[in-house]
Amino acid sequence: MVKTPTFIFHKMSNHGASHPVVARLTMQTDDLLRAVDIGQKARDDIMQVYFGLQNRLLHCYDLADKIFEARKRTLNEYVEQLRQGNNSIPFVIDLQMNAESFLLASKPYIRDLVKAINLLFGAKLPVDAKVFWDKTGAGNSDIVKWATAEFGKDHPITKMFADDDGWIAEMIKKRNAVEHPEDKNGTLVIENYRFKNGRVLPPSWYRDGSKNPNPSDIFADIATMRENMLTLGEDIVALALDHKGLSKVLRIVEIPVEKRDPKVPKRLQIGLSKEALAKFPKEASSEDGTAKTENPAG
């Protein structure tokens, strides 16, 4: 008697295609890679790295969501107390722990982006987050030096890494200030809601002991950091494929926010070049330059 094989299924994630990280970091990457003839092995290797990046960034997003949800609960409770005529100061529970965890989780993601760069560009950079930022503050990181030597200082790839130096540097310095307090990056100070000069101040953070301790809005910073991490991950793919050379009839186009499918909110997709669009009748293409075909990469 032949036994029916038993299949064991594992739930790999709490997030589906509607999450921007899943849609933009893996599903979108797979779509873009299919527009270039790089071979199945290379595509599989890149996708393996991006699945790992997806999991790391999802963890960062989850930690950020905890912080934002705690803020929302805190403010709702604060408003209710005011309605009842009570005086109080809001306090976001676990803000310090979750913010520190977010920073600690961000560094491995930045580090593993180097794996993607090495595969996509054929680089041989050390897999270390420090290649993305210049400790001197001059914006001349190892990855900028590499891109300058490879493509020139005015190339879009070089400019992208130069532009990203600032936020990556501060994020990693904050992370180092958590893990190595009182070191050269200072000690991370997180201030919850507090009463000062007759008003309630929102939470902020800064590196005490650093050269320029500058308190900033912790919620806005974390929201910006996680979006920047996602955008950098997908832009690396887009610029690499553009450099490798798409077909003359294709280009990578950005989908306007209001036109993104909420079920799969991808940001980038393959569309037709201006030259190809000129040859297509208006009904054969959409406003954003995407051909109305089943597989424009064909």
### Task
Decide whether Ser216 and Asp221 meet the rule of one side-chain donor and one side-chain acceptor closer than 3.5 Å.
yes
Taking [X] first and then [Y], would you say they form a salt bridge - that is, a charged N and a carboxylate O separated by under 4.0 Å?
| X | Y | value |
| --- | --- | --- |
| Glu77 | Arg73 | no |
| Asp142 | Lys135 | no |
| Glu227 | Arg24 | yes |
| Glu179 | Lys107 | no |

For [X] and [Y], which heavy atoms make the closest approach, and how far apart are they?
| X | Y | result |
| --- | --- | --- |
| Phe132 | Asp165 | O-OD2, 3.4 Å |
| Tyr78 | Ser88 | CE1-O, 3.1 Å |
| Ala17 | Val22 | CA-CG1, 4.0 Å |
| Pro203 | Leu95 | CB-CD2, 3.8 Å |
| Ala35 | Ile270 | CB-CD1, 3.5 Å |
| Ile252 | Ala238 | CD1-O, 3.6 Å |

Say you draw a straight line from [atom1] of [X] to [atom2] of [Y]; how long is it, rounded to the nearest 0.5 Å?
| X | Y | atom1 | atom2 | answer |
| --- | --- | --- | --- | --- |
| Ser101 | Asp94 | OG | CG | 9.0 Å |
| Ile38 | Leu120 | CD1 | CG | 7.0 Å |
| Arg71 | Ile218 | CZ | CD1 | 10.5 Å |
| Ile222 | Ile67 | CD1 | CD1 | 3.5 Å |
| Thr29 | Leu241 | OG1 | CG | 8.5 Å |
| Leu201 | Lys196 | CG | NZ | 6.5 Å |

### Pairs touching residues 152-164 that satisfy side-chain hydrogen bond (donor to acceptor under 3.5 Å, both in side chains), sequence neighbours left out
Asp164-Trp167
Just by modelled atom types, is the [Y] backbone N or O under 3.5 Å from a matching donor or acceptor in the [X] side chain?
| X | Y | result |
| --- | --- | --- |
| Gln28 | Arg267 | yes |
| Asp217 | Phe219 | yes |
| Lys174 | Ala169 | no |
| Asn98 | Ala64 | no |
| Asn192 | Val92 | yes |
| Thr231 | Asn228 | no |
| Ser204 | Pro215 | no |
| Asn86 | Leu82 | no |

### Task
For the pair Lys259 and Glu254, evaluate salt bridge (Lys or Arg N to Asp or Glu O under 4.0 Å) and give the outcome as yes or no after the intermediate values.
CA-CA 10 Å; Lys259 292 186 177 181; Glu254 182 166 355; over 6 Å; no
### Heavy-atom side-chain contact between Met97 and Lys66 under 4.5 Å
no
### Query
Should Ser106 and Met171 count as side-chain neighbours, where that means a heavy-atom distance under 4.5 Å?
yes
Could you pull out all donor-acceptor pairs under 3.5 Å where a side-chain atom in residues 109-119 meets a protein atom, sequence neighbours excluded?
residue: Tyr109; atom: OH; partner: Met229; partner atom: O; Å: 2.8
residue: Asp112; atom: OD2; partner: Arg56; partner atom: NE; Å: 2.8
residue: Asn118; atom: OD1; partner: Leu125; partner atom: N; Å: 3.0
residue: Asn118; atom: ND2; partner: Leu125; partner atom: O; Å: 3.0

### Task
Start with the C-alpha distance between Leu232 and Ile168, add both sets of side-chain angles, then the distance that settles side chain to side chain contact (heavy atoms under 4.5 Å, CB included), and finish with yes or no.
CA-CA 10 Å; Leu232 177 59; Ile168 292 177; 3.9 Å; yes
### Message
For Asp128, give me all partners under side chain to side chain contact (heavy atoms under 4.5 Å, CB included), at least two apart in sequence or on another chain.
### Response
Lys130
### Task
Go through the steps to decide whether Asp261 and Lys266 satisfy the test salt bridge (Lys or Arg N to Asp or Glu O under 4.0 Å), and finish with yes or no.
CA-CA 7 Å; Asp261 182 355; Lys266 298 175 185 177; over 6 Å; no
### Message
Run the salt bridge (Lys or Arg N to Asp or Glu O under 4.0 Å) test against Glu150 and tell me which residues pass, sequence neighbours left out.
### Response
none
### Task
For this output row, return yes or no: ring centroids of His59 and Phe102 closer than 6.0 angstrom.
no
### Query
Between Arg226 and Asp62, is a salt bridge (Lys or Arg N to Asp or Glu O under 4.0 Å) present by the stated rule, with each step listed?
CA-CA 10 Å; Arg226 73 175 188 177; Asp62 287 346; over 6 Å; no
### Message
For residues 171-201, which residue pairs pass the ring pair (Phe, Tyr, Trp, His ring centres under 6.0 Å) check, not counting sequence neighbours?
### Response
none
### Query
Got a sec, which residues hit ring-ring contact (aromatic ring centres under 6.0 Å, His included) with Tyr61, two or more places apart in sequence or on another chain?
His19
